[in-house]
Amino acid sequence: MQVPLRRALAPLVLVSALVTLTAGCGRGDHSGSGGFTIAIATRNFTNPYWAALRDGAVAEAARLGVRVTVQAGQSETDADGENAQISTMAAQGHDCFGVVPVNATNVITPLTTVARKNIPILDLDTQIDPKASQQAGVSYASFIGSDNLDAGRMAGQKMLEALGGTGKVAVLQGIAGEQNGINRDQGFSETVAGKLDIVQRTPADYEQDKGLQVTEALLKAHPDITGIFAANDTMGLGAAQAIKNAGRTGQIKVISVDGIQGALDAVKAGTLYGTVTQYPYAEGQLAVQGCLALHRGKKLPDRVVSPIAFIGKDNVEQQISAFPRPIVPFDSPLEGLLTK
């Protein structure tokens, strides 16, 4: 019997050791459990969100007795670097791929080699363009990720509560054309429409320094804003720092998305109003579970939705204590496939 996902999440102190032992393995060496190896590509490891996805995959691979290689580009926008990692892993004899794209189309070309070998591919966290994929002959066994529209809606509802249902706000967007950020913006905007006035939307590429710089400019252009929605935590932390530098902490509410450790610490400190946590660690675990289920001949659901939760001052201590595990009830829908 497999342990449910919410009980199987290992502390990061253990994962940090496992990364060295396992994440760089695979490389076509089929000497592990059943010779089964998994390749995962993501954007970068500088952003703690993607590092957490890596750590979840590594820990779950160790628990299930399979091998995983996790590689990434150098930054959130390093599509060429990520593509090079995928091309390298495609030549190494892995049995299953999980891929987080930089944008809707960047990974399709290197994945054509994987698809031609009939190696199953999981689309992780961020939607890859289905039409462009079909034209290239690339298909996906499942999409595994959280509902970003819901994350935006949750952030919008919490912003309405924080501002008493009225006020001027700004939106820090992610990478241009990247679907997660688009969905978060859409969910937020639809929720606050007719109530809050969105005075500006500005991309900050999911990077903390850019989030700080953009917010500094926003505060000068719109000194009367009372809220900022950032499409991820690193931008949110940058915004919070700019607000603190301006001496306006508490006057402008910042809500972001991801639930990384730094954001939780900022919520506890009161510089960030809240974060919609998406549990990337769980996404990494689900990716490994999905690949192993496919290896055993199981059919995956077309979409596997990972949990989200709003973390504010009332529950941040609970989430810090549980991190990286979800504090909301969640049983992996893929666990049952591994026990049948």
Side-chain angles (χ1 to χ4, degrees), residues 12 15-28 37-62 66-92 94 96-111 113-114 119 121-128 140 143-146 174-175 177-181 205-210 231-235 257-262 278-288 290-291 306 324:
L12 281 179
V15 173
S16 62
L18 289 172
V19 170
T20 302
L21 295 173
T22 313
C25 298
R27 303 190 184 282
T37 66
I38 300 167
I40 294 177
T42 187
R43 296 179 192 170
N44 69 91
F45 299 137
T46 304
N47 185 336
Y49 185 89
W50 305 121
L53 188 149
R54 172 200 63 198
D55 294 343
V58 168
E60 190 69 357
V66 298
R67 304 185 71 186
V68 62
T69 298
V70 186
Q71 300 290 358
Q74 298 301 310
S75 71
E76 287 285 344
T77 56
D78 184 16
D80 290 341
E82 181 185 32
N83 288 357
Q85 296 287 5
I86 294 171
S87 294
T88 298
M89 291 190 292
Q92 292 173 342
H94 297 287
C96 184
F97 274 70
V99 180
V100 179
V102 169
N103 56 55
T105 59
N106 76 284
V107 299
I108 294 174
T109 296
L111 285 177
T113 300
V114 179
I119 299 169
I121 304 167
L122 299 176
D123 181 358
L124 305 180
D125 191 271
T126 306
Q127 194 79 48
I128 304 171
Y140 309 99
F143 172 82
I144 297 175
S146 56
I175 301 166
E178 189 265 349
Q179 197 62 47
N180 284 358
D205 294 343
Y206 292 137
E207 295 180 2
Q208 188 163 340
D209 287 345
K210 290 186 179 179
N232 85 334
D233 281 343
T234 50
M235 293 189 301
V257 180
D258 278 349
I260 64 174
Q261 186 70 59
Q278 294 195 300
Y279 302 112
Y281 190 94
E283 289 186 14
Q285 289 187 297
L286 288 166
V288 171
C291 275
S306 58

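Reckoned from all heavy atoms, side chains included, excluding hydrogens, waters and symmetry mates.
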Chemist: Are T42 and R54 side-chain neighbours, meaning at least one heavy-atom pair lies under 4.5 Å?
Modeler: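 No. Closest side-chain heavy atoms not under 4.5 Å.
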Chemist: Report yes or no: does T234 contribute a side-chain atom to a donor-acceptor pair with the main-chain N or O of Y206 at less than 3.5 Å?
Modeler: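 Judged by distance alone, yes, a pair lies under 3.5 Å.
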Chemist: Under the side-chain hydrogen bond (donor to acceptor under 3.5 Å, both in side chains) rule, collect the residues that match up with Y49, sequence neighbours excluded.
Modeler: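 Listed in chain order: D125, E283.
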Chemist: Between N180 and T126, does the side chain to side chain donor-acceptor pair (under 3.5 Å) criterion hold? Intermediate values first, please.
Modeler: CA-CA 6 Å; N180 284 358; T126 306; 2.9 Å; yes
Chemist: Within a strict 4.5 Å, meaning less than it, do heavy atoms of the V99 and V114 side chains meet?
Modeler: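 Not in contact.
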Chemist: My understanding is that only residues two or more places apart in sequence, or in another chain, count here; which of them pass salt bridge (Lys or Arg N to Asp or Glu O under 4.0 Å) with D78?
Modeler: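 Testing D78 for salt bridge (Lys or Arg N to Asp or Glu O under 4.0 Å), a comparison that skips the adjacent residues, returns none.
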Chemist: Of all the heavy-atom pairs spanning I128 and I108, show the shortest one and how long it is.
Modeler: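 Here I128 and I108 meet closest at CG2-CG1, 3.8 Å.
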Chemist: Is any side-chain heavy atom of H94 closer than 4.5 Å to a side-chain heavy atom of I119?
Modeler: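 In short, these two side chains do not touch, never coming nearer than 4.5 Å.
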Chemist: Between the side chain of N106 and the main-chain N/O of N83, is any donor-acceptor distance below 3.5 Å?
Modeler: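 It does not hold such a pair.
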Chemist: Name all residues meeting the side-chain hydrogen bond (donor to acceptor under 3.5 Å, both in side chains) criterion together with S146; count only those two or more places apart in sequence or in a different chain, and write none if there are none.
Modeler: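 Result, side-chain hydrogen bond (donor to acceptor under 3.5 Å, both in side chains) vs S146: Q278.
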Chemist: Taking the side chain as C-beta and beyond, is there a heavy-atom pair between D55 and P324 under 4.5 Å?
Modeler: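 No, their side chains stay 4.5 Å or more apart.
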Chemist: Does D258 reach the main-chain N or O of I260 with its side chain, forming a donor-acceptor pair under 3.5 Å?
Modeler: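 Not a single qualifying donor-acceptor pair exists.
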Chemist: Could you pull out all residues at least two apart from D233 that satisfy side-chain hydrogen bond (donor to acceptor under 3.5 Å, both in side chains)?
Modeler: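 Scan of D233 (side-chain hydrogen bond (donor to acceptor under 3.5 Å, both in side chains), adjacent residues dropped) gives S256, T275.
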Chemist: Taking only residues two or more places apart in sequence or in another chain, which ones pass salt bridge (Lys or Arg N to Asp or Glu O under 4.0 Å) with E178?
Modeler: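 Result, salt bridge (Lys or Arg N to Asp or Glu O under 4.0 Å) vs E178: R43.
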Chemist: Residues in salt bridge (Lys or Arg N to Asp or Glu O under 4.0 Å) with D123, at least two apart?
Modeler: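 Scan of D123 (salt bridge (Lys or Arg N to Asp or Glu O under 4.0 Å), adjacent residues dropped) gives none.
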